Amino acid sequence: MNTQVTLAGVTFKNPVMTASGTFGSGMEYSEFVDLNRLGAVVTKGVANVPWPGNPTPRVAEVYGGMLNAIGLQNPGIDVFMERDIPFLKQYDTKIIVNVCGKSVEDYLDVVERLGDEPAVSMLEINVSCPNVKEGAIAFGQKADALYNITSEIKKRAKQPIIMKLSPNVTDITEMAKAAEAAGSDALSLINTLTGMKIDVHRRKFAIANKTGGMSGPAIKPIAVRMVYQASHAVKIPIIGMGGIATAEDAIEFMLAGASAISVGAMNFVNPYTTVEIVEGIEKYMKQYGIENVTDLIGAVQE
Amino acid sequence: MNTQVTLAGVTFKNPVMTASGTFGSGMEYSEFVDLNRLGAVVTKGVANVPWPGNPTPRVAEVYGGMLNAIGLQNPGIDVFMERDIPFLKQYDTKIIVNVCGKSVEDYLDVVERLGDEPAVSMLEINVSCPNVKEGAIAFGQKADALYNITSEIKKRAKQPIIMKLSPNVTDITEMAKAAEAAGSDALSLINTLTGMKIDVHRRKFAIANKTGGMSGPAIKPIAVRMVYQASHAVKIPIIGMGGIATAEDAIEFMLAGASAISVGAMNFVNPYTTVEIVEGIEKYMKQYGIENVTDLIGAVQE
Amino acid sequence: MKEKQTATVLSQVEIAPAIFDMWIETSLAAQAKPGQFIAVFPKDRSTLLPRPISICEVKEDKTALRIVYRVAGQGTKEFSGYTAGDSIAILGTLGNGFPYEEAAGKKVFLMGGGIGVPPILELAKQMQADKKVVVGYRDSKTFLKEDFEKYADVVIATEDGSVGTKGNVMDAIRENGLEADMIYACGPMPMLRAIKAYAAEKGIKAYISLEEHMACGVGACLGCVVKTKEVDHHSHVNNARICTDGPVFDAEAVNI
Amino acid sequence: MKEKQTATVLSQVEIAPAIFDMWIETSLAAQAKPGQFIAVFPKDRSTLLPRPISICEVKEDKTALRIVYRVAGQGTKEFSGYTAGDSIAILGTLGNGFPYEEAAGKKVFLMGGGIGVPPILELAKQMQADKKVVVGYRDSKTFLKEDFEKYADVVIATEDGSVGTKGNVMDAIRENGLEADMIYACGPMPMLRAIKAYAAEKGIKAYISLEEHMACGVGACLGCVVKTKEVDHHSHVNNARICTDGPVFDAEAVNI
C-alpha cells in the first residue's frame with residue numbers, strides 16, 4: 001500500500017498536512033502527535049518583520065466551527081529561521097512555510113530569505129487572509145492582482161510555490177486559472193470564509209475585528225465544491241482544506257480532486273486529528289483494496 | 001410594545017417571514033403554525049410556466065445544515081394564482097411572492113400577472129438560485145446583469161420588489177448597490193451558498209445535480225456578515241436570512257442591519273420555529289425594555 | 001393531524017446486526033396506519049434533519065409505536081444508543097399508508113426486502129385477506145419472521161440461501177409457484193421494479209412503498225419526488241411527493 | 001504532559017444559582033497545580049471548541065479534580081447536565097499556575113471575584129504563608145466560603161452588601177484596614193486592574209490570573225493574548241499567550 005503523494009516534484013509520505021495558522025510550527029502539537037507521521041507541517045504565516053496581529057477577542061465559536069481574526073501575528077522571518085526551522089528539521093516530515101505580507105516587496109523579502117533554506121520544501125503564499133487591513137486578501141480576490149503577485153513571487157522563489165486562495169470570490173476557477181497561468185506550482189484552498197457574530201445580549205461584535213475568518217466542519221461543503229471546481233479548471237495539484245475532521249472528510253476532498261489535504265480548526269478540537277486521519281486513510285485503502293492513495297484523486301463518479 | 005416593521009411602504013405585524021422554498025405556500029405548515037402570527041409568508045418561487053425541477057436525490061444533510069438542488073420545481077403562475085393565492089388570502093398575514101425565470105421575459109411575464117393581484121404585497125425576485133442551469137443565478141452574480149434585470153422588472157412591477165441576492169460573490173456590497181441603483185425597493189439575503197457532498201463509500205455525489213445550495217445554522221455567520229456589509233452600503237431595507245433557528249439568531253440579524261428576517265431550513269427541523277421566534281423576540285424586547293422592534297435594526301455597538 | 005413531539009422510549013433491542021427494534025410511547029400511535037412513517041430527529045445539533053423511519057407495529061391499545069431500523073449514519077447511530085426512559089423527538093404520522101382495505105377477500109402477497117420488511121408487519125396485522133408474507137433478507141438473520149408467523153404464512157428468500165429460497169423475493173415466488181390477485185410491497189428499488197414488472201405482466205395491482213432522501217417530511221420542500229405517469233394534483237409536473245402523496249403508490253402510476 | 005482524555009464525573013451539584021461544582025476522576029490530577037485549568041469539550045458536535053475551566057481543587061490522593069463553573073452558554077449548559085458516572089472529555093493540565101512558593105513566610109492576600117473565586121481554593125490549600133482570603137460575590141450566595149475557612153481567614157465583599165463589606169474586594173481591604181506583602185488574584189478585569197494599581201501603589205508584587213476567549217488552549221492558535229510590558233520570548237511582539245505563558249502573570253508585566 002502506497003500513501004505517497006508528489007506535488008510539484010516534492011514527495012510527501014502521505015497526503016496529510018496541517019493548515020497554516022492552526023498548528024504553529026508544530027512545537028505545541030508535538031506534545032500530542034508524532035510529527036514524523038505527517039506528510040508535511042505547514043507553518044503559521046511568517047512576514048519579513050514581526051506583526052503584532054489584532055486586538056482581542058480574536059476568536060469566537062460558531063455553529064460547527066469558529067471565527068478567528070488573529071491578524072497574522074508572527075515573530076518575523078528572523079526569529080522564524082532561528083527557532084522554528086531548526087525545530088522542524090528534527091523531524092522526518094516535509095516543511096511548507098506559509099508566507100504573508102502587506103506589499104509585494106514584503107512577500108519577496110521573505111521568499112528570498114527562505115530560498116537559502118533547503119529544509120523548506122515548498123512555500124505557501126497567503127494572499128487570502130481576511131483579517132488584515134492592507135495587502136493579504138487584496139491580492140486574493142481579483143484575478144489580475146493574483147496573477148501579478150504570483151508571477152513576481154514565482155520569479156524569485158527557489159522552492160515551488162503554492163498560492164492559497166480565498167473562498168470569498170464569485171468564481172474560484174477564475175482565481176485558480178490566474179494563479180496557474182502566473183506559474184503557481186500548486187494551490188491551497190480554501191482559506192477561511194469571512195463571517196461575523198454578534199452577542200445579542202451585549203449587542204457587541206464577538207470579535208474585536210468585527211469580522212473573522214470562519215473555519216470548521218460547517219464550511220466543508222463549500223470547500224469540497226471549490227476544490228472540485230478548481231481541480232477541473234487547472235492542471236496543477238490542489239491541497240484541499242476546510243473543516244476536515246475525519247479520514248472520510250479527507251477522502252471526500254481527494255475524491256473531489258485534491259492531491260493532499262490539510263487539517264485546520266479540528267486540531268483545536270482533537271489534537272490527535274492529523275495522525276488519526278493518516279491511520280484512517282490507510283484503513284480505508286485496505287477496506288477497498290486501493291493500492292495507491294493517488295488513485296483517490298478526483299475519483300468521484302461523474 | 002410595537003413589533004411592526006415597514007418595508008417599502010408595506011407594514012408587517014412583525015419582522016418574521018418564511019424563506020422562499022422552505023414553506024411552500026404555507027399550506028403544509030398551516031398544520032403546525034397559525035399563519036396569522038407571521039409577518040409574511042414568502043412563497044416558493046413561481047415561474048411563468050410549470051418547471052419540473054431537478055432529478056433526485058435533491059437534498060442531502062451536511063454538518064449543521066443541508067444541501068438542496070430542487071431546481072425551482074413549481075406548478076407555474078396559473079395554478080399558483082388559482083390555488084396558492086386564494087389559500088393565503090384566508091390569513092391575516094402579508095403575501096410576498098418569490099418570482100423565478102430563465103429569461104428576463106419569463107420574470108416580466110410573472111411580475112405582470114401578479115400585478116393584478118392586490119393581495120400580493122411585494123415581489124421577491126430570485127436571481128440567485130444556484131441550482132438551475134440557465135437564468136437565475138446568472139443574473140445574480142454580475143453587477144451589471146443584476147442592474148439590468150432589476151430595472152426591467154422595476155419598470156413593470158406594480159408591487160415593490162425585493163431582489164434576493166446570492167452570497168456566492170466576491171463583494172456583496174457591489175451587488176446590493178447595483179440592485180438599489182436599479183430601483184429595487186428592498187433586498188433579501190442571503191440565498192444559499194453553493195456546496196457539494198460526496199459519499200466516500202459509494203464515491204458518488206450526494207445530490208444528482210452534483211452541487212446544491214447550502215442552508216442551515218452552519219452558514220449563519222456568513223449571512224450575518226453580508227447583511228451587515230450590505231446594510232452599510234445601501235439605504236433600502238434588508239430582509240436577513242441564513243440559518244436562523246432562534247429568536248436570538250433573528251435579533252442578531254436585525255442588530256447587524258436587517259429590517260426583517262426569514263426562517264428557512266429550520267422549518268424542516270422544527271415546524272414551530274417561526275412562531276417561537278415571534279414570541280422570543282417579544283420576550284427579548286420585554287427583557288431589555290425595547291419599545292419598538294425597529295430600534296434593533298443595525299443597533300450593534302460599533 | 002401531524003405533530004412534532006418529545007416521546008419516550010419504552011424499549012430497544014438489536015434484533016440483527018445493526019438492525020434495531022424500538023418501542024416508543026406516543027400519542028401518535030392513535031392515528032398511525034400501516035405504511036405510514038415517522039420522522040425522528042437526532043439530538044446532536046450537527047445532524048439536524050429528521051430521519052424517516054417506517055412504522056413497524058402499533059400497540060393494540062394505541063399508546064405506542066414500534067420502529068425497526070438499520071443504523072446507516074450519525075443519526076441512526078445516535079438513536080440506537082437510546083434506552084428505556086430516554087426521550088426521543090419525533091414528527092408524525094407521515095405519509096398515506098397502505099390502502100389495505102382493497103385487499104379484502106383477495107389473495108395477496110405482502111412483500112418486504114431488507115429494511116423494507118418492517119412496515120409489512122403492521123400491514124399483515126391489519127389486513128383481512130388471504131395473505132402470504134414474502135420477505136427477503138441478506139442472510140439467516142431473518143428479523144421479524146416470528147412476528148409475521150402470527151398473522152400469515154411466511155415465505156423467505158435469502159441472498160446467501162441460508163434460509164428459504166436462495167435469491168430475492170421474486171425468486172421465492174417462482175420457486176414456490178405462488179399466485180396472488182394483489183401485491184403490497186416495500187423494499188429496495190430493484191425489488192420494487194421487479195414487482196412492478198411482475199404485476200404488469202400478471203395484470204394485477206401492486207402497491208409499493210417508495211423511499212427517497214427527505215428534508216421536511218411534510219410536503220413543503222419538494223426534496224423527495226417520484227415521476228408519475230399522470231400529471232399529479234399538486235406539482236402539475238408529474239412529480240409526486242413521496243413523503244406526502246406517498247410513500248405508497250400504485251406501481252402503475254409511478255415511473256421507477 | 002498535556003493530554004486529551006475521556007474522564008469520569010464523580011459528582012455534580014449546583015452550589016449557587018447557575019454555579020456548578022463537579023468532581024472529575026482523572027489521571028491529570030497527578031500533575032495539576034493551583035491556577036492551572038483544564039479544557040472541557042462539549043459532546044454536542046455543534047459546539048466544538050473546548051471551554052477553559054480553572055481547577056478549583058485537587059483530591060488529596062491525586063486521583064480527581066474539582067471544577068466550579070458558571071453556566072454561560074450552550075457548552076457549560078451541557079456540562080451542568082452531567083451526573084455521576086457520565087464521561088467527560090477534557091484536555092489538560094493547561095497553563096502555568098500560581099507561583100505560590102514565592103509567598104513562603106509572607107503576608108498574602110488571596111483574592112477572588114465571582115467565578116474567579118474557585119482557583120483560589122487550591123491555592124489557599126497549597127500555600128504556606130500568612131494568608132488572608134478576600135473574596136467577592138454578587139450576593140449572599142457565597143459559594144466555597146466554608147471550604148476557604150478550612151485554610152485561612154476569609155474576608156467577604158458582596159455587591160448587594162448582604163454579606164461582609166458592601167462593594168468589591170478592594171473595598172473590603174480598605175474597610176478592614178488590611179495589609180499584605182503580596183497578592184494572588186483571579187477575577188473580572190476591573191478587579192484585576194484595581195489590584196494591579198493597588199499593588200503598584202503599595203510597591204508589592206501581585207500575581208493575577210487572566211481570562212480571554214481561547215480556541216486551542218495549548219498556545220498554537222494565538223487567540224488568547226495579552227499585551228506585555230517586555231518583549232516576550234515567544235511572540236516577540238509583546239503578546240503573551242494567556243493559555244500557555246499564563247494564565248497567571250505578574251501584574252507589573254502585563255498591560256491590562
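Since the model is a prediction, treat every value here as computed from it, not as a measurement. Throughout, protein chains are lettered first and strands after them, A, B, ... in sequence-line order, and every chain is numbered starting at 1.
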Exercise for review: Compare every heavy atom of B:T56 with every heavy atom of C:V225, then report the nearest pair and how far apart it is.
Suggested key: O-CG2, 3.5 Å

**Study point:** C:F41 versus B:F268, closest heavy-atom pair with distance
**Key:** CE2-O, 3.6 Å

Check your understanding: Going through the checks in order, is the side chain to side chain contact (heavy atoms under 4.5 Å, CB included) test met by B:M266 and C:L48?
Key -> CA-CA 8 Å; B:M266 288 306 288; C:L48 291 165; 4.3 Å; yes

Revision key, fill the gap. Counting heavy-atom pairs under 4.5 Å with chain B, the top scorer among C:H213, C:K2, C:R45, C:M1 is C:K2

Check your understanding: With only heavy atoms counted, which part of B:N74 is less than 4.5 Å from chain C, the side chain, the backbone, both or neither?
Key -> backbone

**Study point:** Top of B:A265, B:G64, B:G24 for chain C proximity - count of heavy-atom pairs under 4.5 angstrom
**Key:** B:G64

Check your understanding: Side chains of B:R58 and C:L222: closer than 4.5 Å at any heavy-atom pair?
Key -> yes

**Study point:** Which of C:C224, C:A220, C:G217 touches chain B most, by non-hydrogen pairs under 4.5 Å
**Key:** C:A220

Practice item. Using a cut-off of 6.0 Å, state whether more than 12 heavy atoms not belonging to C:K62 lie near its atom NZ. Key: yes

Check your understanding: CH2 of B:W51 to CG of C:N239: how many Å apart, nearest 0.5 Å?
Key -> 14.5 Å

Point to revise | Point-to-point distance, once rounded to the nearest 0.5 Å, from CD of B:E61 to CE of C:M214 | key: 14.5 Å

Review point. Do B:E31 and C:V218 have side-chain heavy atoms sitting under 4.5 Å apart?
Key: no

Point to revise | Within 6.0 Å of CD in C:E211, more than 12 heavy atoms from elsewhere | key: no

Practice item. Quick one: which of B:P55, B:P75, B:G53 has the most heavy-atom pairs under 4.5 Å with chain C, could you say? Key: B:P75

Revision key, fill the gap. Closest heavy-atom pair, B:Y63 versus C:S46, reported as atoms and distance to 0.1 Å, is CE2-CB, 3.5 Å

Check your understanding: What part of C:Q74 is in contact with chain B, defined as an atom under 4.5 angstrom from a non-hydrogen atom: side chain, backbone, both or neither?
Key -> neither

Check your understanding: Taking C-beta and beyond as the side chain, do B:E28 and C:C216 meet within less than 4.5 Å on heavy atoms?
Key -> no

Check your understanding: Do the side chain of C:K4 and the main chain of B:V269 share a donor and acceptor less than 3.5 angstrom apart?
Key -> yes

Exercise for review: Could you tell me whether B:K204 atom NZ has more than 12 heavy atoms of other residues or ligands within 6.0 Å of it?
Suggested key: no

